[in-house]
Each structure stands twice: as C-alpha cells, then as structure tokens.
There are 2 protein chains.
Amino acid sequence: MSAAPNRDRQAERREATRREIIDAAWGIARRDGLAAVTLREVAAMIGMRSPSLYSHFDSKNAIYDAMFGQAWTLYLAEMRERPLPAAPREAVLAIAEHFFAFSLADVPRYQLLNQHAIPGFTPSEAAYAPSVEVVGLLQDTLRGLGVTDGADVDLFLALCGGLLDRQLANEPGGDRWVGQLPRVIDMFADEVGLPGPSLRRSR
Amino acid sequence: MSAAPNRDRQAERREATRREIIDAAWGIARRDGLAAVTLREVAAMIGMRSPSLYSHFDSKNAIYDAMFGQAWTLYLAEMRERPLPAAPREAVLAIAEHFFAFSLADVPRYQLLNQHAIPGFTPSEAAYAPSVEVVGLLQDTLRGLGVTDGADVDLFLALCGGLLDRQLANEPGGDRWVGQLPRVIDMFADEVGLPGPSLRRSR
DNA sequence: GTCTATATTCTGATAGAC
DNA sequence: GTCTATCAGAATATAGAC
C-alpha cells in the first residue's frame, strides 16, 4: 500500500525545499527583523527567483504560517522531552526558565509566536494547533503540580510574558526584568499555594 | 518683548494644522490599525494632498513621533490631576486601573506607546521625554506609598503589562486577564510589604 | 519546478509652479 | 503653504515559455 519509491523521493525533495525556504526566512528575520522578510530575498538566499516560491507556498503569509507552526511544534517537543524537578515550586520555575530561554534565544521568533508582529497575518488553524497543544500540556503539567484553576494558568502566562515583554522592549539583551523571574515565581507559588521553600533564598 | 499679533496668529494657525494632521492620523490608526496610516489618507482626511504634509512634518515618522509625545503628555497630565486613595494598597490599584483604562480605551495608542509596533520608528528624545516623566512620577508616587526599591517599580510595570498584553493579544475586548488585576495588585502589595486588607475580599 | 517578464499597486518623498 | 506632477522603489503575485 506504500507509494512507489520514486514518489517518496519526490515528496522528500519537496519537503526539503520547503524547509530550505522556511530556514531562509528565519535567517532574514533573525538578522533584520520579521518585517524585513521579502520573497525576493528569501528566494535569493537559496538560489531561486521569487516567483518560484509559489510552487511551494501559496502566499507570503503561508510562509509565516509554516514558520509559526514549525516553531510551536519545536517548543512542544522540547517541553515533552524536558525533565522537571520533583519539587513543585522548582518545577514551575523550570517551566518558566525554559520559556524564557526559548524566547530570548530568538527574539523575532518570540514576536511571531507571541505578539501580533505581522499586520496582515493570522495563523491558520493547522499552524495554531501545536500552540494549543502547548497550552494544554502546560495546563496538565501545572495541574499535576497542584495548580488546578484555569485562571491560575492565565496568571502564570501573564507573569512570564510581562517580564519578557518589558525586558525585550526596554532593555533587549539585559536581565533587569528577566532576572526577577525567581521572585515572580515565588509570588505565583505563594499565591496558588504551592509548597516548598522560597526559590530566592534557597539559591 | 512679545511678537507682533500677526505672528502669533500665524503660529497658532500652524499649530492648529499640525494638530489636525495628528488627529487625522489617530483616527486612521484607531479605525484600521497603526500600520494603516498613510500620508495620502491623512492628507485626504483634512482636505489636503500628501505633499502638503511636508510643510508641517519632515517625514512620516515625524508624525508618529508627535503622536507618541502627545499621548504620553496626555497621560502625564491625567496622572497629575487624578486624586489617589489614601490607603496605599488602594492607591496602587487605582494607578494600575488608570493605566488599564487609558490603554484599553485606545489599543493602537497602547501599541505605539508601549510596544514596538512600527518597524522603522524610534521616538526622538523630545518625544520620549514625557514618558520618562511618567516613569519618574510613578516612582515618586510609589515611593510615597512605601515602595522604595527601583526593582519593585519594574515589577509593578511588568505585572500590569503582562495582564494587558495577554488580554489584548488573546481576547481583545474581554476581561479574562484584566479582571485579575485586583488579585495581582494584592500579590504585589504583599510582596513589597504594603499594609492594608486584601483588595479582593474587601470588594 | 523554475525561469523571464510583467502586472498591479502602493509607498514615502521631491521638484517646481503658483 | 498648497498644489500638480512625478520619482524611485518596493512589494506580492500572475502568465506563460521551457
């Protein structure tokens, strides 16, 4: 019931080209910002002309869409394979630290995933799916640690995003805000009643 | 030592035209978003042609710059004339509620003032000045309430921004995040040691 | 699938008459 | 100060040959 070998090779080649396009777009975004991504330059980076991209993506936004889905899928995979400390308070901090590290490692990626950085772009349902899964996994994980209220999950995301956004907006590259993460996680853990010693004093 | 009356009238007229241009730009931004502001449409809204705008502003970014300065100046004025409750905890909540109301009343304005929403735009020092004054006034006010550490001011801004950003990004028009403001201010007040009863139970 | 060539549209900005 | 006319350039996207 499998397709002919020739078909497999073609599909593989197509997928490889799609990935080349997406990688080139990420490269431009990291170098010059998300808005600087143009079809001409994406094509040029992989030795193509811009119209050829339309053999692989229906539009420019379809490229952003693929980037969005790919990045959330990567984050989901990292979440799944990442071991967590047994102590609830330490575990919540580890989740937040992972999110911070992922975000700070690639700011344009953070802007695409978490801010509305591209005017005309709204992710498709398919690309949105892994981000929904991330939130679901986060909810399950937090529930396992004792955080059962959905509003508490919202609060956790707001606290993390608040530190990250201020850091990136006011002092990119510094740690004036993100350095307060243990303190904020302590506040959160106290608020929702997680046991364990203070994260700040025990370090 | 004053200028001739004719000069005053001319200066007034010039200032009025500048304000017309800025108001038209705000109108477009509120209707279609910040990025939708074009010189052609700004000019059309006040019965002009786009090249005429260059008699009043050096560039499109100079218009954004004036909008930025104007909005922060307005917020600064509102802060100054707004009375605060005597109880520290209530006062901090009132400051945050004012910030939320101002932000939610005009989302594109919030994006211009607090997010990096315009790719090529960086505010000039002159336009930035009132925003620095706002932070200074906030620091002074919080100090008067017992919040003396600069890191605590950073924390306050991160907490407020975190709720606002998540609300606007995920559920504009709702109150799933901003409704948690009293809770978050309670957390902040507890953390920095402000006296007074819980804001949630006393309401 | 990739190419050349081009359509279409829009942008901010400038030149120069009045 | 405002206008007409235009520049110079960018962008996404399409048509059709190969």
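For clarity, every value in this text was computed on a predicted model and none was experimentally measured. Below, chain A is the first sequence line, B the second, and so on; all start at residue 1.
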*Asks:* Return yes if a side-chain donor-acceptor contact under 3.5 Å exists between Gln70(A) and Trp26(A), otherwise no.
*Replies:*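 Distance-only check passes for Gln70(A) and Trp26(A).
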
*Asks:* Centre-to-centre under 6.0 Å for Phe121(A) and His116(A), is that the case here?
*Replies:*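 Distance test on ring centres: not under 6.0 Å, no.
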
*Asks:* Would you kindly say whether Arg183(B) and Gln180(B) are connected by a side-chain donor-acceptor distance under 3.5 Å?
*Replies:*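 A pair is found: one side chain offers a donor N or O, the other an acceptor, under 3.5 Å apart.
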
*Asks:* Report yes or no: do Asp165(A) and Tyr110(A) form a side-chain donor-acceptor pair below 3.5 Å?
*Replies:*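 Present: a donor and an acceptor within the cut-off.
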
*Asks:* Reading DNA chain C in the 5' to 3' direction, which nucleotide is the first one with an atom under 4.0 Å from a heavy atom of chain A, and which is the last?
*Replies:*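 So the outermost contacting nucleotides come out as dG1(C) to dA5(C).
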
*Asks:* Over all strands shown, is Gly120(B) touching base, sugar-phosphate only, or nothing at heavy-atom distances under 4.0 angstrom?
*Replies:*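 The residue Gly120(B) makes no contact with any strand.
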
*Asks:* State, to 0.1 Å, how close Asp58(A) and Ala62(A) come at their nearest heavy-atom pair, and which atoms those are.
*Replies:*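 Smallest heavy-atom distance, with atoms named: N-CB, 4.0 Å.
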
*Asks:* Starting at the 5' end of nucleotides 8-15 of chain D, put B wherever the base has a protein heavy atom under 4.0 Å, S where only the sugar-phosphate does, and a dash everywhere else.
*Replies:* ---BBBB-

*Asks:* Is Arg109(B) close enough and on-axis enough to Tyr75(B), meaning under 6.0 Å and within 45°, for cation-pi?
*Replies:* no

*Asks:* Checking all strands, does Arg14(A) fall into the base, sugar-phosphate, or nothing category for heavy-atom contacts under 4.0 angstrom?
*Replies:*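 The residue Arg14(A) makes sugar-phosphate contact but no base contact.
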
*Asks:* Measure across Asp152(B) and Phe188(B) and return the closest heavy-atom pair with its distance rounded to 0.1 Å.
*Replies:* O-CE1, 3.3 Å

*Asks:* Between Met45(B) and Ile28(B), which heavy-atom pair has the shortest distance, and what is it?
*Replies:*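 Looking at all heavy atoms of both residues, the shortest contact is SD-CG1, 3.4 Å.
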
